[in-house]
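Order of appearance sets the numbers: ligands from 1, and atoms from 1 within every ligand. Worth knowing before you read on, the calculation uses all heavy atoms, side chains too, and leaves out hydrogens, waters and symmetry mates.
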Amino acid sequence: MDIVELARTPKKPLPDTVKGKMYKGFWTTRHVVQLGFAALNVVLGIQFWWFVRALEVGNDGPLPPRPAGVEGWLPISGLMGAIDWVARGELNLIHPASVILILCFLAIAFLARKAFCSWVCPIGTISEGLAMLGRKLFGKTFLLPRKLDYSLMSLKYILLGLFLFAFLVMGTAGIASFMNSPYNQLADVKMLLFFTEIGVVGVIVIAVLLIGSVFVEGFWCRYLCPYGAMLGLVSWASPLKIRRNVETCIDCDRCTKACPSRLPVATKLQIISPECTGCLKCESACPIKDCVTLAPSPRTKVSAKQLALIVLGVWLSFVLVAKVAGMWNTKLTDADYRYHFEKRDAPEYGHPG
Ligand code: SF4
Ligand code: SF4
Ligand code: SF4
């Protein structure tokens, strides 16, 4: 029987030996990693809020330590910094951690699919929690009609394309100028002030995204996030793929139903979609041991714990090497921050467009 015939094998009943049984083990691992990164972001957020609060109070003493990790929330600065680094051969040290972190997350996407989204990103974690809330409230999350769903999914790629087009128009000189602009020097503080001094429009937009994620799983991530779109495109080249063993598959469809990205796992030999986040929910849902696996080749398997080690190992390596190489902390001094903060409402601190 060839592989195509096997793929078309009619549905087989669930063997008695596995009825009601779920092979688990990785679900907990992913949640622990997700919650660990969420907690880290909370700690970084509090530390940074303290730093900005000291700027607002305006004391003359030394500022509290500023956590460089908050620059993970400056993806545009990070991406432009990476382009600038390649173009000039020198890393701009205004927000170097933003560059290191975006390169780290791209490396994770290459090695382990879009695992950043389902293992690391706190917005992905919140989004997953909101979808769980939706299932509790309504017994399910809702699917938009296929055509509308596909049209909306294209938005994040369009947004990514617009960013890349803007970088192209700016050219390397324009990007270098942006990196040193007053706006970029204060970008981290402005990002925090956006949330602490949020206006009505901002509240409405965030509320729509949060409520939308209760009804439609991953509303922001699936339709609008250009960062996720970029990681997904890089993940296309990843050697790790979700693979289905058609010889042991009983065509129960549980893997497809479990997939938060709505990928048709049960009818494919492998999933190469940029929407796959390596969440392993399909593997968790499958009642047949090792029938669905995340693997670099058929009949191999990367377990959840190994995937966690890859994600954490890459992240730690980038951060530690950057720290040792002096590529982690900003070159801006307390005096620089005080100077920029005082002038933050001046026109040159608006987005350079
Ligand atoms: S799609 Fe964007 S917001 Fe969502 S988890 Fe991925 S990077 Fe985070
Ligand atoms: S195919 Fe599997 S690993 Fe990929 S997103 Fe769907 S459930 Fe997660
Ligand atoms: S691979 Fe999917 S369809 Fe096949 S047995 Fe596992 S859950 Fe069922």
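Every atom of ligand 2 with a heavy atom of Thr277 under 4.0 Å away is listed here by number and element: 4 (Fe), 5 (S). Atoms of ligand 1 found under 4.0 Å from any heavy atom of Ile123, numbered from 1 in the order shown, are 3 (S). Those atoms of ligand 2 with a heavy atom of Val265 less than 4.0 angstrom away are 1 (S). Heavy-atom proximity to Pro260, at under 4.0 Å, picks out these atoms of ligand 2: 7 (S). Under a 4.0 Å criterion applied to the non-hydrogen atoms of Ser261, ligand 2 contributes the atoms 5 (S).
A side-chain N or O of Thr300 and one of Ser297 form a donor-acceptor pair less than 3.5 Å apart. Side chains of Asp290 and Asn245: no donor on one and acceptor on the other come within 3.5 Å.
From the protein, the heavy atom lying nearest to atom 2 (Fe) of ligand 1 is Cys225 SG, 2.3 Å. For atom 3 (S) of ligand 1, the closest non-hydrogen atom on the protein side is Trp220 NE1, 3.4 Å. Atom 6 (Fe) of ligand 1 has its closest protein heavy atom at Cys117 SG, 2.3 Å. Counting protein heavy atoms only, atom 7 (S) of ligand 1 is closest to Phe116 CE2, 3.6 Å. Among all protein heavy atoms, the one lying closest to atom 1 (S) of ligand 1 is Cys221 CB, 3.5 Å.
Among Ser273, Ser284, Cys276, the residue whose heavy atom lies nearest to atom 4 (Fe) of ligand 2 is Cys276.
For Cys282, the nearest N, O or S atom to atom 2 (Fe) of ligand 2 falls under 2.8 Å.
Under a 4.0 angstrom heavy-atom cut-off, Ala285 registers as lying outside contact with ligand 3. At least one heavy atom of Gly278 sits less than 4.0 Å from an atom of ligand 2.
With respect to Asp60 and Arg338, no salt bridge is recorded, no charged nitrogen being found less than 4.0 Å from a carboxylate O.
Remark: Ile272 CD1 to Arg113 CZ distance equals 8.0 Å, nearest 0.5 Å. Here the CZ atom belonging to Arg262 is positioned 15.5 Å from the NZ atom belonging to Lys257, to the nearest 0.5 angstrom.
Here the side chain of Trp119 pairs a donor or acceptor atom with the backbone of Gly278 at under 3.5 angstrom. Using modelled atom types, one side-chain atom of Thr330 and one backbone atom of Ile94 make a donor-acceptor pair closer than 3.5 Å.
By the criterion of side-chain heavy atoms lying less than 4.5 angstrom apart, applied directly or through intervening Ile, Leu, Val, Met, Phe, Trp or Tyr residues, Trp328 is grouped together with Val120 in one hydrophobic cluster. Hydrophobic clustering (ILVMFWY, side-chain heavy atoms < 4.5 Å, transitive): Phe167 and Leu233 are in one cluster.
When heavy-atom distances to ligand 3 are checked against a 4.0 Å cut-off, Ile250 comes that close through both its backbone and its side chain. When non-hydrogen atoms are compared, ligand 1 lies under 4.0 Å from the side chain of Cys121 (C-beta onward) but not from its backbone. With a 4.0 Å heavy-atom cut-off, ligand 3 is reached by the backbone of Cys255 and by its side chain too.
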